[in-house]
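Here, residue 1 is the first one in the sequence, and each next residue gets the next number.
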Amino acid sequence: MTGTNVRNEADDSGPSGYAAARLRLLGEEARSGPPRRAALAGLTDDWLAGLFTAAAPDLRGVSLVAVGGYGRGELSPRSDLDLLLLHDGNAPDAVAALADRLWYPVWDLGLALDHSVRTLAEARRTAGEDLKAHLGLLDARHLAGDLGLTAALRTTVLADWRNQAPKRLPELRDLCAERAERQGELQYLLEPDLKEARGGLRDATALRAVAASWLADAPREGLADARRRLLDARDALHLATGRATDRLALQEQDQVAAELGLLDADTLLRQVYEAARVISYASDVTWREVGRVLRSRSVRPRLRAMLGGGRPVAERSPLAEGVVEQDGEAVLARSARPERDPVLPLRAAAAAAQAGLPLSLHAVRRLAALARPLPTPWPAEAREQLVTLLGSGRPTVDVWEALEAEGLISRLLPDWERVRCRPQRNAVHIWTVDRHLIETAVRASELTRRVGRPDLLLVSALLHDIGKGWPGDHSVAGEIIAKDVAARIGFDPADATVLSTLVRHHLLLVETATRRDLEDPATVRAVADAVGTQSTLELLHALTEADALATGPAAWSSWRGSLVADLVRRVGAVLAGDGPDEPEPAAPTAEQERLAVEAFRTGSPVLALRAQPEPAGEEETPGAPEPLGVELLIAVPDQPAVLPAVAGVLAVHRLTVRTAGLRVLRLPDDVDDGAVLLLDWRVAAEFGSLPQAARLRADLVRALDGSLDIAGRLAERDAAYPRRRGWVAPPPRVTVAPAASHHATVIEVRTQDAPGLLFRIGMALEKAGVQVRSMHVSTLGANAVDAFYVTTGTGAPLPDGDAASLARVLEETLRG
């Protein structure tokens, strides 16, 4: 039966005819989704219009208006009918009688009804007092009676909405936030409320209201389709249950999936989650834009008064190469060229997350449209930027979701597509698989001070459940995927093996600790054999805790933590051998010897800056990633304060230190009996290009003779830029490595990398009166992992008390 025939039957047969036609329409398998909702709305429109005409054929100044969901034509099988009987106030008794003749037939059919009777002035006053009523009236649609009265209502309500937008939109934002707090995130719930949860139909309606204000607009791509999918799911839920419910309960998901022609309940949930994710992301972007517009409106009059008119220019401050902050967002710099810079998406994301800023919608879309694919394996900078992004704590989530909304994550990591929006039917898990992986990285970022390789910890957190997109044991599948991904993003074979081991055994510690006898040496030996090394055990311990904390409150407790810690202690004892002594330095290259001899003979520093250094040995290690940054070789006659001087000069020139080594180099016998300090560092420009080597050397000479005020220069630069709210990194950790060297005391520093970090450490060591015999510095993402081999003035290791005191002083310096 066609839609026209259904509506005619309702017209001819009255209420019983409408009921039969409605039942027949809902039973038509060939018609579903938007066509069925439109047909149901049309059928209901005709029936109600017929009731109105029959009840009041001669009544003037009255109209019947559909509002809310019915006004939008979004009638699901068990939807309420939202109706307003609007009148001019001239015949209240007649209007009351008309209302009875309209409402009772609806109730007689068992349909839910939300009704009101108001004059235009009353409707307007109610809208002004009740935000939800105002929202419903924005979708007012004429059904019967005085068309001019309905038109006046629509015009007045919409004009009021636009005039009051600066006041009403913050109210609406707060209402959405309160509802989200109460109902949770639709995209993660196993039994979601399709209407009330964040990312549901209520939020989609709120976005329409924002657009109607003309103050801001939501991203349109994919939004209409997401709304349609949720409405389709609600239709199927109403038909499957026979009830007016919006909660997609577990026991009904298979039936709803079948009603929609989907494979199973997991496919249904994944579609629902994807739709909710689109709406949630659109909401984030839209409310951010609303806030920006409202702030600019409040500030602009004052600025104009101060500046004497004209339009103020938004301030832009640099975050990273090609990325700046503007209006509280990370945006692309005017000079950025995504089509020439394949690392830019990751660099922009890492810079935004580190600064605690959202990545602007325009920036993400431009990156998605123009950025070239990364080569395989990734360049070292891309890998470092990924690690920095993963290590940025809570802000990582929003930035990652922005990249994912535009398809950039699946482009960077194709294996991600299998776990994206994948539900976990486990009461312990509170997230989908993909969101759990990001949450694990967030938790792992808080544990980076506990491990020597924070980059491996963060990447293993991202990948530990990646095998859940494949059949079989997800740990076994994940091991293969992790090794492949590690090689693709540029880790060397040894690191790739560690990553795959961590993924394969990410459940080993907690399962063994809670299910096995730890007093049995075979149990501990089996874990030791699986883990292999002390450093891998350290990583696995942190990954285990991060994974459990990211799973949900039921997955981790102090009891479980103590059992795992006990197991780790026992396994560590099995794996422990003699402590590593100070590494034997490699024999100096010909260039290093040349620089050392020249520095000794001239009595001043000599340096070489090389963009493409030769391999350190005979040939490069197969599969090894290219070094990050350029090589800076410096030879300085042995003297005090070399470390803070060099580090300070590099900081002043905005050079980031990626790796750094310092050692005492004895001159060849045929030259002299003296010694020179040799620094072999890897540096990268924070912005722009590298400075000239001659300029670096000149400033280094001034720093060593005291004529360059490095501390003052750095302080001036810091004061020139506003402090950003950014993520609060874990506190620094400075320890004395026990029995690490027979010749020196080893001070280990693990902290957040920052401009001037090595300068501050060097100054603290200098003030403490210790000599730095050698050092080994590496920056992994945003984490600095440094080891300093220090001695007394006579060349002996520090006494235990002095070493502990030095560690405390360094930690306090870095906290300050």
Discussion item. For Thr286, give me all partners under side chain to side chain donor-acceptor pair (under 3.5 Å), at least two apart in sequence or on another chain.
Written reply: none

Item to complete: Using the test side chain to side chain donor-acceptor pair (under 3.5 Å), find all partners of Glu274 that sit at least two apart in sequence or belong to another chain.
Response: Arg420

Would you find more than 12 non-hydrogen atoms of other residues, nucleotides or ligands less than 6.0 Å from [X] atom [atom1]?
{"X": "Arg101", "atom1": "CZ", "result": "no"}
{"X": "Gln164", "atom1": "CD", "result": "yes"}
{"X": "Glu181", "atom1": "CD", "result": "no"}
{"X": "Arg227", "atom1": "CZ", "result": "yes"}

So do [Y] and [X] actually touch side chain to side chain, heavy atoms under 4.5 Å?
{"X": "Leu75", "Y": "Leu43", "value": "no"}
{"X": "Glu185", "Y": "Arg435", "value": "no"}
{"X": "Asp88", "Y": "Leu120", "value": "no"}
{"X": "Leu64", "Y": "His142", "value": "no"}
{"X": "Leu83", "Y": "Leu85", "value": "no"}
{"X": "Leu207", "Y": "Leu223", "value": "yes"}
{"X": "Ile430", "Y": "Leu189", "value": "no"}
{"X": "Asn90", "Y": "Arg60", "value": "no"}

Discussion item. Set out, in order, the CA-CA distance, both residues' side-chain angles and the distance that settles salt bridge (charged side-chain N to carboxylate O under 4.0 Å, His left out) for Arg182 and Glu178, then state yes or no.
Written reply: CA-CA 6 Å; Arg182 187 177 67 254; Glu178 186 275 331; 2.5 Å; yes

Is a side-chain N or O of [X] found less than 3.5 angstrom from the main chain of [Y], in a donor-acceptor match?
{"X": "Ser213", "Y": "Val210", "answer": "yes"}
{"X": "Asp130", "Y": "Thr126", "answer": "no"}
{"X": "Gln424", "Y": "Trp431", "answer": "yes"}
{"X": "Arg198", "Y": "Ala180", "answer": "no"}
{"X": "Thr205", "Y": "Leu201", "answer": "yes"}
{"X": "Arg154", "Y": "Ala140", "answer": "yes"}
{"X": "His238", "Y": "Thr245", "answer": "yes"}
{"X": "Gln255", "Y": "Ala240", "answer": "yes"}

Worksheet item: Applying ring-ring contact (aromatic ring centres under 6.0 Å, His included), which residue pairs with at least one partner in residues 206-225 are found, sequence neighbours left out?
Response: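 Counting only pairs at least two positions apart or across chains, no ring-ring contact (aromatic ring centres under 6.0 Å, His included) contact touches residues 206-225.
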
Worksheet, complete the sentence: Contacts satisfying ring-ring contact (aromatic ring centres under 6.0 Å, His included) that involve residues 148-182 (not counting sequence neighbours) are His134-Trp161

Between [X] and [Y], do the side chains contain an N or O donor and an N or O acceptor separated by less than 3.5 Å?
{"X": "Gln253", "Y": "Arg425", "value": "yes"}
{"X": "Tyr70", "Y": "Asp45", "value": "yes"}
{"X": "Gln183", "Y": "Lys195", "value": "no"}
{"X": "Ser116", "Y": "Arg118", "value": "yes"}
{"X": "Ser410", "Y": "Glu417", "value": "yes"}
{"X": "Ser76", "Y": "Arg234", "value": "yes"}

Look up atom [atom1] in [X] and atom [atom2] in [Y], then write down how far apart they are to the nearest 0.5 Å.
{"X": "Leu269", "Y": "Thr432", "atom1": "CG", "atom2": "OG1", "result": "10.5 Å"}
{"X": "Leu357", "Y": "Glu325", "atom1": "CG", "atom2": "CD", "result": "4.5 Å"}
{"X": "Thr267", "Y": "Leu260", "atom1": "OG1", "atom2": "CG", "result": "11.0 Å"}
{"X": "Arg422", "Y": "Asp465", "atom1": "CZ", "atom2": "CG", "result": "11.5 Å"}
{"X": "Glu439", "Y": "Thr396", "atom1": "CD", "atom2": "OG1", "result": "10.5 Å"}
{"X": "Phe52", "Y": "Leu143", "atom1": "CZ", "atom2": "CG", "result": "9.5 Å"}

Do the charged groups of [X] and [Y] touch, with an N to O distance under 4.0 Å?
{"X": "Glu171", "Y": "Lys167", "answer": "yes"}
{"X": "Asp160", "Y": "Arg168", "answer": "no"}
{"X": "Glu74", "Y": "Arg37", "answer": "no"}
{"X": "Arg229", "Y": "Asp225", "answer": "yes"}
{"X": "Arg277", "Y": "Asp434", "answer": "yes"}
{"X": "Arg228", "Y": "Asp232", "answer": "yes"}
{"X": "Glu329", "Y": "Arg288", "answer": "yes"}
{"X": "Arg179", "Y": "Asp203", "answer": "yes"}

Least distance between heavy atoms, [X] atom then [Y] atom:
{"X": "Gly71", "Y": "Arg141", "result": "O-NE, 3.0 Å"}
{"X": "Leu294", "Y": "Pro166", "result": "CD2-CA, 3.8 Å"}
{"X": "Leu268", "Y": "Val256", "result": "CD2-CG1, 3.8 Å"}
{"X": "Asp246", "Y": "Leu237", "result": "C-CD2, 3.8 Å"}
{"X": "Leu153", "Y": "Ala123", "result": "CD1-CB, 3.9 Å"}
{"X": "Leu25", "Y": "Ala39", "result": "CD2-C, 3.8 Å"}

Practice prompt. Quick one: list whatever passes salt bridge (Lys or Arg N to Asp or Glu O under 4.0 Å) with Arg78, sequence neighbours left out.
Written response: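 With neighbours one apart ignored, the set is empty.
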
Below 3.5 Å, can you tabulate the donor-acceptor pairs from side chains in residues 363-370 to any protein atom, sequence neighbours excluded?
from: Arg365; atom 1: NE; to: Glu406; atom 2: OE2; distance (Å): 3.2
from: Arg365; atom 1: NH1; to: Glu221; atom 2: OE1; distance (Å): 3.1
from: Arg365; atom 1: NH2; to: Glu221; atom 2: OE1; distance (Å): 3.1
from: Arg366; atom 1: NH2; to: Ala336; atom 2: O; distance (Å): 3.1

Worksheet item: Yes or no on side chain to side chain contact (heavy atoms under 4.5 Å, CB included) for Leu549 and Thr440, after CA distance, side-chain angles and deciding distance?
Response: CA-CA 7 Å; Leu549 290 170; Thr440 305; over 6 Å; no

Practice prompt. Please step through side chain to side chain contact (heavy atoms under 4.5 Å, CB included) for the pair Arg22 and Leu111, ending with a clear verdict.
Written response: CA-CA 12 Å; Arg22 177 188 174 93; Leu111 299 178; 3.8 Å; yes

Worksheet item: Hey, what's the ring geometry for His436 with His429, parallel, tilted or perpendicular (30° and 60° as the breaks)?
Response: perpendicular

